[in-house]
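Have a look at the structure below, then the notes.
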2 protein chains.
Amino acid sequence: MTAKKIWTLKSIAKELGVSNATVSNAFNRPDQLSKKRREEILASCRKLGYSGPNKAAQSLRKGQFNIAALVLPDSVEYMITDPVASSFVKGVSSVLEKNKVNLLLFSGVSDSIDSVADFVDGFICYGSPRNSALIEQLKLTDKKVVTADFDIDRKASVGIDNQQAAYEIAKLAIKTKDDDVAILGLRIIDSQLTSRVYDLPELDLHASISHQRLQGYRRAIAELGVNFREDRLWNIPESNHHYALIAAKEALSSSPRPNVLLCMSDTIALAALKEINAMGLKIPQDIRVVGFDGIEEATRSTPPLTTIHQHSEVKGNKAAELFISRATDTITIPYYIESGKSC
Amino acid sequence: MTAKKIWTLKSIAKELGVSNATVSNAFNRPDQLSKKRREEILASCRKLGYSGPNKAAQSLRKGQFNIAALVLPDSVEYMITDPVASSFVKGVSSVLEKNKVNLLLFSGVSDSIDSVADFVDGFICYGSPRNSALIEQLKLTDKKVVTADFDIDRKASVGIDNQQAAYEIAKLAIKTKDDDVAILGLRIIDSQLTSRVYDLPELDLHASISHQRLQGYRRAIAELGVNFREDRLWNIPESNHHYALIAAKEALSSSPRPNVLLCMSDTIALAALKEINAMGLKIPQDIRVVGFDGIEEATRSTPPLTTIHQHSEVKGNKAAELFISRATDTITIPYYIESGKSC
DNA sequence: CTGTTAGCGCATTCAC
DNA sequence: GTGAATGCGCTAACAG
């Protein structure tokens, strides 16, 4: 058994008795040599087992890598099981795949984008990364940057009108001014704990989608003349069943029991539904619940969830298209209300 | 506003009045120079905005990239929303992140691994890629290869004993020899259609986890003396709700109606549950259903699903550990039966 | 259409 | 500790 020969552009050129420029052109610039010559060379290369110019060297030379880093809000492991994030990734990947750009998953808790900045063409940033230092770095980098569900000055971005959507769904959920409303919020404050929020900090967080949604809820509450008790706002650190269930139990066992639950994600709302069902309460007679996102599981729950459907996959598509086209537009994506049976 | 200076090792060395070897050593080989000198240099670099040697050039030089390609069974967009695959990715990413290795998502329908082979350290392959040409290429590559849920000769791999697991859950689901069993199979044949399977091809597919599970079911069926009708096997091309529902409807409307459904994934089983509930049948009195995988949603269904819990995330951990350690072991991961209420 | 050459940015070796 | 030299594998410009 002989060791497999590892060819390089230079060695294969010598083997074929042509100049290395010719081999390079055969692979990269068809117009630079006759069709016949090119076919011959490519055929010989294939026969010898040379699959083309080394991609790493090519990238170093050209400064183009065909890799997009997808910056997730949190560590990869926390995000990948979130159906909303998954849909977004799906949308991104489908467009990137078509354009032969590879997808690198990048954690939002990384120290610095420097660890990858030298070998990616740019960043697609889904939500505000937990490590806010990354945001500053993204502002400064010369690489392409596209953001989704948040903004960086003068960079391309996609998103929905969170405030308006939250407003609309709240108007649907709240029926009278005597309703007792509780809000199960997502990443309202920078805390890893599930807890009530008594004081909202006046941070940059104002730009976050959670705060926009909160403003939307508040607008509806004010407009309907409901008396919203400020101790009726919960913070849930991650959109997962575990944390959501804790908050839901706390809210549902508070007294008097709220009869309207505004949830900032479907995952949260589904946890609430489960708890409400377990308590033997009737939805929507005893208590009304609305979600946000429009994940698939929400159409299969009992009862099906009334929620904002926000086309996460399309959002991903658009983000990737902006990335590919190097445009710097701000795209607002439409949403619709998924009318379930939960309110 | 002045353009930001882009430093290179060489230019920064000149600026600092030291040799470029010294700068390189300051970043990469602390033992090669005094601590004091090193700190000085690093501090100056930080001040000037040089964040260290260019990663792309470093990689080309060293032949090490700190990127692992995760080869998915199908296109990225099809897989990312599958909760089982997501858990696996989660497990992989958590270990890679700790080792500062980046994760590149690679489609199982790509033409060739050549498009990335030159700039990754190797491949973690989750399930058999739809494009089987990739398997041949993976056999030949000099890069690291770890497989999960299938085998490539003499490469590292992780998985569970699918046959035994399927056998055990089938034994649980089938109560008497007069039971009428239907199997909702996953990727049993190479077809994009949801349909009955009348003839099983004798392909390499024998090595696939689906065929191992099928053998496990068959062993239980034979042992219990059940008369299994060969037209009671369905193929579902992807583990998603849509396809699964089609198969479930077909199976449940066949006559006589089966009273035991062996499902090769939880997603399939959940679709079946939904249909059964919609038909007004009682589980497990009228019909018993078992799944496979142990996804979280299966614990929240009505009724909770009886299934094989297979620690997908741990599987991902192990795969990544094999990758990092360059070991070539075959690891078999334990599973357990999640006793729900569906059988 | 072909061959030569100078880098892309770096790591490593070797003599000093 | 230094500085020069070589090469990782390739592309693009240029002269022929």
Side-chain angles (χ1 to χ4, degrees), chain A residues 5-42 44-45 48-67 114-121 142-143, chain B residues 5-42 44-45 48-67 114-121 142-143:
Chain A
K5 168 92 180 175
I6 302 293
W7 294 103
T8 68
L9 186 91
K10 213 189 281 183
S11 72
I12 200 96
K14 183 185 279 181
E15 177 78 18
L16 299 185
V18 300
S19 97
N20 45 14
T22 305
V23 178
S24 175
N25 286 333
F27 280 95
N28 302 318
R29 297 164 42 164
D31 53 310
Q32 297 294 301
L33 70 179
S34 72
K35 184 165 179 179
K36 179 158 165 293
R37 196 109 186 71
R38 178 175 133 92
E39 310 259 298
E40 281 171 17
I41 291 176
L42 293 183
S44 306
C45 287
L48 291 171
Y50 177 67
S51 56
N54 180 290
K55 300 291 185 298
Q58 216 166 16
S59 289
L60 177 62
R61 181 61 229 254
K62 300 213 267 197
Q64 200 204 303
F65 302 90
N66 296 316
I67 303 179
D114 290 342
S115 63
V116 300
D118 289 335
F119 59 84
V120 302
D121 297 321
D142 291 327
K143 301 276 178 171
Chain B
K5 167 95 182 175
I6 303 293
W7 294 104
T8 68
L9 184 81
K10 211 189 283 184
S11 71
I12 201 96
K14 183 185 278 180
E15 176 78 18
L16 299 183
V18 300
S19 98
N20 44 16
T22 305
V23 178
S24 174
N25 285 333
F27 280 95
N28 302 317
R29 298 164 47 166
D31 53 310
Q32 296 293 303
L33 70 177
S34 71
K35 185 165 180 180
K36 181 159 164 294
R37 195 110 187 71
R38 178 173 133 91
E39 310 259 300
E40 281 170 15
I41 291 176
L42 293 184
S44 306
C45 288
L48 291 171
Y50 175 67
S51 57
N54 180 290
K55 301 290 185 299
Q58 215 167 15
S59 290
L60 176 62
R61 179 62 227 255
K62 301 213 265 198
Q64 199 204 304
F65 303 90
N66 295 317
I67 303 180
D114 290 343
S115 63
V116 299
D118 288 335
F119 59 83
V120 302
D121 297 321
D142 291 326
K143 300 278 177 169

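Chain letters run A, B, ... following the sequence lines, proteins first, then strands; residues in each count from 1. The shown structure was predicted, so the numbers you read here are calculated from the model rather than taken from an experiment.
Spacing between atom NZ of K10(A) and atom P of dT6(D) amounts to 13 Å, rounded to whole angstrom units. One can place CG of L60(A) at 9 Å from C1' of dC8(D), the figure rounded to the nearest angstrom. The CZ-C1' distance, from F65(A) to dC10(D), rounds to 13 Å in whole Å. For the pair N54(B) CG and dC8(D) C1', the interatomic distance rounds to 13 Å; values are reported in whole Å. One atom, CG of D118(A), and another, C1' of dC10(C), lie 11 Å apart when rounded to the nearest Å. The nearest whole Å value for the distance from the CD atom in Q64(B) to the P atom in dA11(C) is 12 Å. dC10(D) atom C1' lies 15 Å from atom CZ of F119(B), rounded to whole Å. To the nearest angstrom, C1' of dC10(D) lies 15 Å from CZ of R61(B).
Judged by distance alone, the side chain of D121(A) and the main-chain N or O of N66(A) form a donor-acceptor pair under 3.5 Å.
Between atom CD1 of residue I41(A) and atom CG of residue L33(A) there is a gap of 5.5 Å, rounded to the nearest 0.5 Å.
Inspection of the Q58(B) and N28(B) side chains reveals an N or O donor paired with an N or O acceptor under 3.5 Å.
Among the heavy atoms of the strands lying under 4.0 Å from Y50(B) are primed sugar atoms or P, OP1, OP2 only; no base atom is included. In this structure, L9(A) reaches the bases: a heavy-atom distance under 4.0 Å links it to at least one base atom across the strands shown.
Residues from residues 11-41 of chain B placing a heavy atom under 4.0 Å of any atom in DNA chain C, listed by number, are S24(B), N28(B), R29(B).
In terms of heavy-atom proximity, A56(B) sits nearest to D118(A) at CB-O, 3.5 Å. Across all their heavy atoms, L48(A) and W7(A) have their closest contact at O-NE1, 2.9 Å.
In this structure, K36(A) pairs ionically with E40(A), as a charged nitrogen and a carboxylate oxygen lie closer than 4.0 Å.
Which of dA11(C), dC10(D), dC10(C) sits closest to the side chain of Q58(A) comes down to dC10(D).
In this structure, the side chains of V18(B) and V23(B) come closer than 4.5 Å at one or more pairs of heavy atoms.
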